[in-house]
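Notes follow the structure.
All figures in this text were calculated on a predicted structure; none of them were measured in a lab. Here is how names work: the chains are called A, B, and so on, in the same order as the sequence lines, proteins then strands, and each is numbered from 1.
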Amino acid sequence: MLERQDGPLIIQSDMTVLLDCEHPLSEEARRMLILFAELVKRPGNWHTYKMSSLSLWNAASTGMDAATVIESLRKYARYGLPGVLETNIRTLMERYGELRLELSRHCLVLYGDDSLLDEIAGHPIILECLMERGTGGSWEVNPEYRGQLKQELIRLGFPVIDLAGYHTGEALSVSLRPLTLSGRSFELRDYQRQAVDLFYKEGTIQGGSGVIVLPCGAGKTIVGIAALARLNSATLILTSNATSVQQWKEELLDKTTLQPAEVGEYTGSSKEVRPVTIATYQILTHRKSKKDPFRHMRLFSERDWGLIIYDEVHLLPAPVFRMTADIQATRRLGLTATLVREDGCEEDVFSLIGPKQFELQWKTVEAEGHIASVKCTEIRVPMDQGISELYHSAEKRSRLRLAAENPGKVPVVRQLLERHEGTPTLIIGQYLDQLHSIAESLEVPVITGELPQNERQSLYEQFKSGDVPVLAVSKVANFAVDLPDAAVAIQISGSYGSRQEEAQRIGRILRPKEGRNEAWFYTIVTDDTSETEYAARRQMFLLEQGYQYELEKHQ
DNA sequence: CACGACGAAA
DNA sequence: AGGAGTTCGTCGTG
């Protein structure tokens, strides 16, 4: 069974794959692996990837088949492939496509082998969505349950390809401007055009719903705008916060022929419903108290939308999924920098928004120079003498906080500031006490939630102009779209193991730089404490994207 | 009416 | 599990 002795991958029958990072072919193997597997652990130089049904189906949806997966694994395997695993991959991947939803004489019909239809109909919850059984492997579906059916089937392990099509929606004439309002020439980048092409091909039934994955700074908004301009229909754009609503609006007016009167903001302060309407997830899910109805969900039916754009689809809240299940005949475009959610609703994204249509690796965009090249370093510092005793006698819960707020981090930050003097730098932390004390000893201004908007704005300005070279920021930095770009980020603490947060924070320094296009990300953690474990989890997403963290130990 | 402050929600 | 932040709607004030 030993076919080859020198590959970087050890492939195990439980669908996990170990990648030897020391191996000369490890980078090549990693690039192949992430097309259909996810990074789950990274102890030292062995990274553990796992293939799941969802990661395999997402691969299948972008056109990959089981034979290709198996072939690529075999190519890099150290000890060959366990037979069970091959069968597993085949079985799972072949499921993608076994069930199809199609429109047949104005009826929604589920097609599949009769035996398979028998099997799924054994589940009462599925049976509820079905109507009349047809002949030759077909079963009529209650169109109201198009979403629920897909959602439940994927939970049972059966992905459905939805070819039932979409309604066109209210027509709206829009096109992209070759010259923006601000006078710059504007053209889609190749990958942006490619993404839109995959999302919507005129005259075909395929596409029209799905997710496009692009790194921060790679122009997700532009892809959304281009999709809108391609479809030429009324569009609802849902996004994560108020600043982002404004940004979408500015971009739409700047880069398309849409007039101000055609673009509406639906937020707390204004409730405009226009041919293109931009709303926050928050307003959709707002209610006075639990048990009250969601009063703003009717926005979904307020107009005949031909397209709904879900910006930052990894943040989409559960009630919006429920609503989305009911509008499966409307085209849906999800945009995100990561398919990873911290709440495990990836399956719902797949079944209700749609499968992944396009993904661009961060490293690829970096190689093309559209984002800065980031050097990541994890710095381990020992526990400060003063609090060491406190730490050891503390409850498990407060330990993490003590480790995170370790005063021993301060001199390290000071060193880093000296090393990068003259480069715009952000110090990012999770605890207000820690931020205030560190900012005080380094004589650096701090931005937290309690600082009024206008004062934030003025600090942003000074930071942008270079008058203030270093800024300490709290969680406000995670979503503040208007925070200027920096070249160095120093993370002194973060929230538990949030992979998303780490990605967001690195996103802060990704904008292309003059000259060598370099940026630096430092994360400072206290050695020999649980903080190192959380740090490891946080780094997972970026490791998956091909970033490497250098480890630096301080005594 | 425009605003700022406040509590609730997720 | 927990800390920080945002947003919405309401209510009071000028």
Comparing nearest nucleotides in DNA chain C, the 5'-proximal residue of the pair A/Arg401, A/Gln453 is A/Arg401
For A/Leu252, is there any backbone N or O sitting under 3.5 Å from a side-chain donor or acceptor partner on A/Thr256? yes
Covered region of DNA chain C, 5' end to 3' end, by chain A [heavy atoms, under 4.0 Å]: C/dA1 to C/dT10
Assess whether a salt bridge exists between A/Asp292 and A/Arg287, defined as any Lys/Arg side-chain N lying under 4.0 Å from an Asp/Glu carboxylate O. no
Cation over ring, A/Lys375 on A/Phe521, under 6.0 Å and within 45°? no
What's the spacing between A/Leu238 CG and A/Leu335 CG if we round to 0.5 Å? 11.0 Å
With heavy atoms under 4.0 Å as the rule, sort A/Leu432 into base, sugar-phosphate or nothing. sugar-phosphate
Contact class for A/Lys271 vs. all strands (heavy atom < 4.0 Å): base, sugar-phosphate, or nothing? sugar-phosphate
Between P on B/dA9 and CG on A/Leu284, what's the gap in Å once rounded to a whole number? 18 Å
Rounded to the nearest angstrom, tell me the gap between atom CD1 in A/Ile283 and atom C1' in B/dA10. 15 Å
When we call it a touch if two heavy atoms are under 4.0 Å apart, what does A/Arg399 touch: a base, just sugar-phosphate, or nothing? nothing
By the 4.0 Å heavy-atom rule, please label A/Phe479 as base, sugar-phosphate, or nothing. nothing
Counting any heavy atom closer than 4.0 Å, what does A/Gln282 reach on the DNA or RNA strands: base, sugar-phosphate only, or nothing? base
Just how far is it from atom OG of A/Ser233 to atom CD of A/Glu170, taken to the nearest 0.5 Å? 8.5 Å
Using a heavy-atom cut-off of 4.0 Å across all strands, would you classify A/Ser269 as base, sugar-phosphate, or nothing? nothing
If you measure from the Lys or Arg side-chain nitrogens to the Asp or Glu carboxylate oxygens, is any gap between A/Glu552 and A/Arg419 under 4.0 Å? yes
How close or far is atom C1' of B/dA5 from atom CD of A/Glu450, stated in whole angstroms? 16 Å
Strictly distance-based, threshold 3.5 Å: is any side-chain N or O of A/Asp384 a donor or acceptor partner for the main-chain N or O of A/Asn406? no
Using a 4.0 Å heavy-atom cut-off, does A/Ala318 contact any base of the nucleic acid, only the sugar-phosphate backbone, or nothing at all? nothing
At less than 4.0 Å, is any side-chain N or O atom of A/Arg287 found next to OP1 or OP2 of B/dA8? Yes or no. no
